[in-house]
Amino acid sequence: MVMSPTGSTSQAAPFSPSTSKPIQELPDELIQAGWSKCWSKRENRPYYFNRFTNQSLWEMPVLGQHDVISDPLGLNAAPASGEAISDASLGNGQRKRHPSEDAQAGPNSFKRPKVEIPATPTTPTIPISPSTPGVKPWVNTTDEKQGQTSVPAPAPYRPSVVYWDLDIQTNAVIRERAPADHLPPHPEIELQRAQLTTKLRQHYHELCSQREGIEPPRESFNRWLLERKVVDKGLDPLLPSECDPVISPSMFREIMNDIPIRLSRIKYKEEARKLLFKYAEAAKKMIDSRNATPDSRKVVKWNVEDTMNWLRRDHSASKEDYMDRLEHLRKQCGPHVASVAKDSVEGICSKIYHISAEYVRRIRQAHLTLLKDCNISVDGTESTEVQDRLVYCYPVRLSIPSPPQPRVELHFENDVACLRYKGEMVKVNRGHFNKLELLYRYSCIDDPRFEKFLSRVWCLIKRYQVMFGSGVNEGSGLQGALPVPVFEALHKQFGVTFECFASPLNCYFKQFCSAFPDTDGFFGSRGPFLSFSPASGSFEANPPFCEEFMDAMVTHFEDLLEHSSEPLSFIIFVPEWRDPPTPALTRMEASRFRRHQMIVSAFEHEYRSGSQHICKREEMYYKSVHGTAVIFLQNNAGFSKWEPTTERIQEILAAYKVSGRSLPSPGPSSTSTGDKDSKPVVERSSARSQDNSSPVDKTAPDTTNI
């Protein structure tokens, strides 16, 4: 039995106000405004539904009534007839505004459009999310979107291309949980966190340069943040402060792979020759300048001298000859070079961690002081009583009240929304700004007049901007998303309604897990996935490509599947790294919950950019330079409900076809991590597709290779 957090119960699946009898008898003006005429099965009469605002009316909408999204204040609206009529005489579900609603809004307000659902004495009690009481029922089926009979021409405030579908309801069921004790976001604190994180990046750059004479490995700081959060027990949402071990395996591995020099991909013979020469020279210099053993010095110097002699006398070698010689030199000298650099690299990792812990202490102290000045107690927060019952998943709630928010300025430059606080500006395109407004309206319950909307958007974008880094295309690969056609196929074929790794900026569904519950919860996030424990549902997982993070993800998947008897399905998209294979990929391939596996070849599929909220439309997609493994992990009930049949798999592969609109990869961030970046090899496209049922549980069918 699934219950709503408000206490209602229902043994049957809740039904939706959607209809199978859409009727189009409306003027063109209303159709373009998003209105459609539908049929209510329950009431056996027509009603009118607006797909842009989710508003439902029993009577035909009034022409000239202002649109609450594009013109929330109604400044450009024609006066509706009957404004002088009393409240009792309004028969179309509309009501007059109370005087309190006309009061002067705060300096940071953003008008919140109202959503009204007609209530009748026969309206049944159905399970809904506490995020939007009375607005829209959470449906446990995958019904078609209501009233979608024609596609209206996009209004000026509507993006011409939409990369999300916020009408899809969740089928994810969880146990009711208490509000989280995260400190509520505030622009002043977020600005301090951004400044200290930027300073920490600079420290990392200086340590790598001064101690090892190398540039920091690209994206290694971002992957360090991800890897640390797997083991961090600290209180800051971004920076680690309580980790065991202190030395990050991810950061240590990536720095060591770039010592003595970084090995890049090679295309031409001359590049291979130069790379071999540089490696030999750097290895000799390092072994001479460090406290190496006599045996290590002897081995390295002999191999380097041998390589130099070979370079002088052999001018007819091919690119492959140079690469083979480089691989031989690495095997001979690598262990000795690593042994002399080990202590120094561990010192870099330890230094960065301890600086981060000190910054976390400063940030938290400033945050507590700010809350205290606003008379908000952190320790005295009353714990909310939570019943042990199953509910449809709902956004993260904070137990600590939000302090008053400072003014954040908003203006538009062409199609870009610019939000400024104390001279610090963040930008988001107009389409994603409208998306954030919709997510906020669906999910936020403590700000009915949108007075804190702009400051929370500023904090949200600033947080991701800081996490990405300031380099060109830096971080965008860690936030890459699947193409829209793939999401559509996943939802249609496998009932997927939830993303395990997303953000309010790149999510396709309005229910998702993300890294930062404090800023993202107001926009629909269910919190970090490693802390999210669904009992049933169909999920898509496209994790950040960090090895330690993906390994923790697999552990969580198997634990959830082991302990749930309800239908539970995870469709996972991970890079096909085989040299060497990642522990996450190896474990999933050997899992008893694996029902199907396929490989989408390199350069034959694409991802949406992680910076899609600000990039140009022509830069939205980029080709993947590595193959992608798609693995289906399901328990028995999930397999029975969402079996990966041949026909369904073919639909997924068809949705994955490259459309020709994609760009080259934005950089190493989207290719691989750690030692996989440093391999001096040319990526090859493999046209392989695998289908194998679980090696232990042979209940899955043996479908043919696609």
Side-chain angles (χ1 to χ4, degrees), residues 480 482-483 486-487 489-496 499-501 538-545 547 549-562 567-607 624-657 672 676 683-706:
L482 301 179
V486 176
F487 272 118
L490 289 173
H491 173 62
K492 182 178 179 181
Q493 302 298 329
F494 297 98
V496 173
E499 295 166 79
C500 297
F501 304 97
S538 184
F539 301 83
E540 174 269 350
N542 178 29
F545 296 163
E547 292 188 35
F549 192 89
M550 291 191 292
D551 197 40
M553 170 197 73
V554 176
T555 301
H556 192 51
F557 282 153
E558 294 195 327
D559 183 62
L560 294 174
L561 291 165
E562 184 73 41
L568 194 57
S569 172
F570 298 99
I571 305 176
I572 304 105
F573 298 76
V574 293
E576 192 203 10
W577 292 336
R578 300 288 183 183
D579 187 21
T582 57
L585 182 57
T586 303
R587 289 177 59 195
M588 286 191 289
E589 289 178 334
S591 173
R592 72 183 186 91
F593 297 107
R594 188 192 67 176
R595 307 294 177 166
H596 186 87
Q597 177 178 347
M598 64 183 183
I599 304 297
V600 187
S601 300
F603 300 101
E604 295 181 10
H605 65 292
E606 58 193 12
Y607 283 93
S624 175
V625 298
H626 55 72
T628 295
V630 185
I631 300 176
F632 293 74
L633 298 184
Q634 300 171 326
N635 61 8
N636 290 333
F639 175 71
S640 299
K641 188 169 185 178
W642 300 295
E643 178 183 351
T645 62
T646 304
E647 293 76 14
R648 288 174 171 174
I649 295 300
Q650 286 176 337
E651 290 293 329
I652 299 296
L653 291 175
Y656 242 134
K657 289 182 179 178
S672 55
K676 295 160 190 71
E683 296 279 353
R684 293 184 297 273
S685 171
S686 62
R688 291 176 290 122
S689 176
Q690 299 178 4
D691 152 65
N692 289 319
S693 55
S694 170
V696 178
D697 188 349
K698 294 295 291 182
T699 58
D702 289 332
T703 58
T704 58
N705 288 344
I706 307 298

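The basis for the numbers below is simple: all heavy atoms, side chains too, and nothing from hydrogens, waters or symmetry mates.
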Can you tell me how far [atom2] of [Y] sits from [atom1] of [X], rounded to the nearest 0.5 angstrom?
{"X": "M588", "Y": "I572", "atom1": "CE", "atom2": "CD1", "answer": "5.5 Å"}
{"X": "Q650", "Y": "T645", "atom1": "CD", "atom2": "OG1", "answer": "8.5 Å"}
{"X": "E606", "Y": "Y656", "atom1": "CD", "atom2": "OH", "answer": "9.5 Å"}
{"X": "H596", "Y": "Q634", "atom1": "NE2", "atom2": "CD", "answer": "10.5 Å"}
{"X": "F494", "Y": "K641", "atom1": "CZ", "atom2": "NZ", "answer": "14.0 Å"}

Which heavy-atom pair separates [X] from [Y] by the least distance, and what is that distance?
{"X": "P583", "Y": "D551", "result": "CB-OD1, 3.9 Å"}
{"X": "S538", "Y": "G495", "result": "CB-O, 3.3 Å"}
{"X": "N635", "Y": "L561", "result": "N-CD2, 3.5 Å"}
{"X": "F501", "Y": "N542", "result": "CB-O, 3.8 Å"}
{"X": "L490", "Y": "I571", "result": "CD2-CD1, 3.8 Å"}

Side-chain heavy atoms of [X] within contact of [Y], under 4.5 Å:
{"X": "L560", "Y": "F539", "result": "no"}
{"X": "I649", "Y": "V630", "result": "no"}
{"X": "V496", "Y": "W642", "result": "no"}
{"X": "E576", "Y": "S624", "result": "no"}
{"X": "R592", "Y": "E562", "result": "yes"}
{"X": "M598", "Y": "I652", "result": "yes"}
{"X": "E499", "Y": "F487", "result": "yes"}
{"X": "F639", "Y": "S569", "result": "no"}

Does the [X] side chain pair with the main chain of [Y], one donor and one acceptor, at a distance under 3.5 Å?
{"X": "H605", "Y": "S601", "answer": "yes"}
{"X": "E651", "Y": "Q493", "answer": "no"}
{"X": "T628", "Y": "F573", "answer": "no"}

For this session: Please state whether the rings of W577 and F545 are parallel, tilted or perpendicular, taking 30° and 60° as the class boundaries.
Result: perpendicular
For this session: Starting from the C-alpha separation in whole Å, work towards a yes-or-no answer on side-chain hydrogen bond (donor to acceptor under 3.5 Å, both in side chains) for T555 and R587.
Result: CA-CA 9 Å; T555 301; R587 289 177 59 195; 3.0 Å; yes
For this session: Would you please say whether a donor-acceptor pair under 3.5 Å links the side chains of N636 and R595?
Result: yes
Exercise. Ring centres of F557 and F593 under 6.0 Å apart?
Worked result: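 No.
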